[in-house]
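Working notes, beginning with the structure itself.
Every number for a ligand or one of its atoms is a count from 1 in the order of the listing.
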Amino acid sequence: MEQVAARLAEVDGRIADAARAASRDPSEITRIVVTKFHPVSLIEQLHALGVRDVGENRQQELSAKHEQLDLPDLRWHFVGQAQRNKARAIRQAASVVHSVDRDRLADALDAVGGAPLDVLLQVNLTAEAHRGGVAPDEAARLAAHVAGCATLRLRGVMAVAPLGEDPRPAFERLARSAEIVRAEVPEATLISAGMSADFADAIACGATHLRIGSAITGPRPERG
Ligand SMILES: *Cc1c(COP(=O)(O)O)cnc(C)c1O
């Protein structure tokens, strides 16, 4: 508990420093703690420390943890690759889905129906077509499609910086995609970017939502 508290405080301090260095107000930045592979007891500890946003990247794990915990003020962010046949389960557990990257996934989430669901478009910042995310030159078209889904609220964009590349230019490309999406849907103001190794760069490039795992949780247990 003490270690987690210390790491959380340390990361929050670095977030505040990076925000100030970028002349941004730290209060406009949401820090999501990615808890994948960690037990629900860690989420309870984090909640006791004031964390209200957690992220998971696998639907089964998201659903199981959401089921086990009764923390009504906790927001669950789904940040992983989503399968259409899991749309209902994802929608039952997640407050925000960061990884909408194709029409058919948006349609599957929309078809479940219910209270409006906040979604982000995942943008592929690599040159490889088969990585998760929509190609940047397809983002405006997908944004228009999602805007037409009655029960989805398009809130912005998300991306993972490519491995082995300076994250800064990648996050700058994401900021341009965010502008293009915002031109289509003015409420789509969120930028989900930045992980343990690169969140300061993401803040400099306008990220509003950071997805930070190991820098706060410690190393992840072996995946089961
Ligand atoms: C695991 C994960 C993170 C957090 O990664 P860390 O390097 O542990 O901070 C962020 N985003 C996504 C999509 C992830 O899968």
Side-chain angles (χ1 to χ4, degrees), residues 3-4 6-15 18 29-40 42-43 45-46 49 51-66 74-83 86 90 93-102 105 109 118-126 128 130-134 155-168 170-171 173-174 177-178 190-224:
Q3 272 197 336
V4 173
R7 283 192 297 253
L8 182 67
E10 196 254 339
V11 166
D12 284 350
R14 286 165 57 201
I15 292 170
I29 297 170
T30 301
R31 170 258 298 122
I32 299 163
V33 184
V34 178
T35 47
K36 64 189 183 202
F37 312 152
H38 286 283
V40 288
L42 179 75
I43 301 179
Q45 283 180 25
L46 289 164
L49 292 167
V51 170
R52 292 296 177 268
D53 292 273
V54 294
E56 290 287 338
N57 76 335
R58 293 191 298 179
Q59 173 271 319
Q60 273 146 304
E61 192 174 343
L62 167 76
S63 297
K65 289 176 171 174
H66 178 259
L74 192 65
R75 281 178 296 273
W76 297 82
H77 296 256
F78 185 67
V79 302
Q81 301 249 355
Q83 284 170 338
K86 299 294 163 53
I90 291 168
S95 310
V96 188
V97 175
H98 289 230
S99 44
V100 171
D101 61 359
R102 54 202 191 278
L105 174 59
L109 287 166
D118 286 345
V119 301
L120 307 180
L121 298 192
Q122 184 174 352
V123 178
N124 180 2
L125 299 178
T126 74
E128 295 153 65
H130 298 292
R131 304 304 290 260
V134 65
R155 299 304 315 283
V157 297
M158 174 273 215
V160 178
L163 276 177
E165 188 191 319
D166 180 359
R168 199 61 86 101
F171 290 144
R173 296 200 295 281
L174 179 63
S177 291
L190 308 187
I191 300 179
S192 164
M195 310 187 358
S196 292
D198 55 23
F199 66 80
D201 292 301
I203 290 169
C205 297
T208 63
H209 286 61
L210 315 174
R211 307 179 311 271
I212 303 180
S214 48
I216 294 170
T217 64
R220 281 185 276 276
E222 292 290 300
R223 67 189 293 171

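Across the listed options Met195, Arg220, Arg58, Met195 owns the non-hydrogen atom lying nearest to atom 10 (C) of ligand 1. Heavy-atom proximity to atom 6 (P) of ligand 1, evaluated over Ser192, Ala197, Ser196, is greatest for Ser196.
Only one option out of Val119, Val96, Ile90 pairs with Phe78 in a side-chain contact (heavy atoms from CB on, under 4.5 Å); it is Ile90.
The protein heavy-atom contact nearest to atom 2 (C) of ligand 1 is Lys36 NZ, 2.6 Å.
Counting heavy atoms from C-beta outward, Arg173 and Val123 have side chains that stay 4.5 Å or more apart. Looking at heavy atoms from C-beta onward, Ile43 lies in side-chain contact with Glu56 at the 4.5 angstrom threshold. His77 is listed as a side-chain neighbour of His98, based on a closest heavy-atom distance under 4.5 Å.
Near Ile212, with a cut-off below 4.0 Å to any heavy atom, the atoms of ligand 1 are 9 (O). For ligand 1 and Asn57, the ligand atoms under 4.0 Å from any heavy atom of the residue are 15 (O).
Each salt bridge (Lys or Arg N to Asp or Glu O under 4.0 Å) pair with one or both residues in residues 199-215, not counting sequence neighbours, appears once here: Arg168-Asp201.
Under 4.0 angstrom from ligand 1, the non-hydrogen atoms of Val79 come from both its backbone and its side chain.
Checked by distance only, ligand 1 and Gly213 come closer than 3.5 Å through their nitrogen or oxygen atoms.
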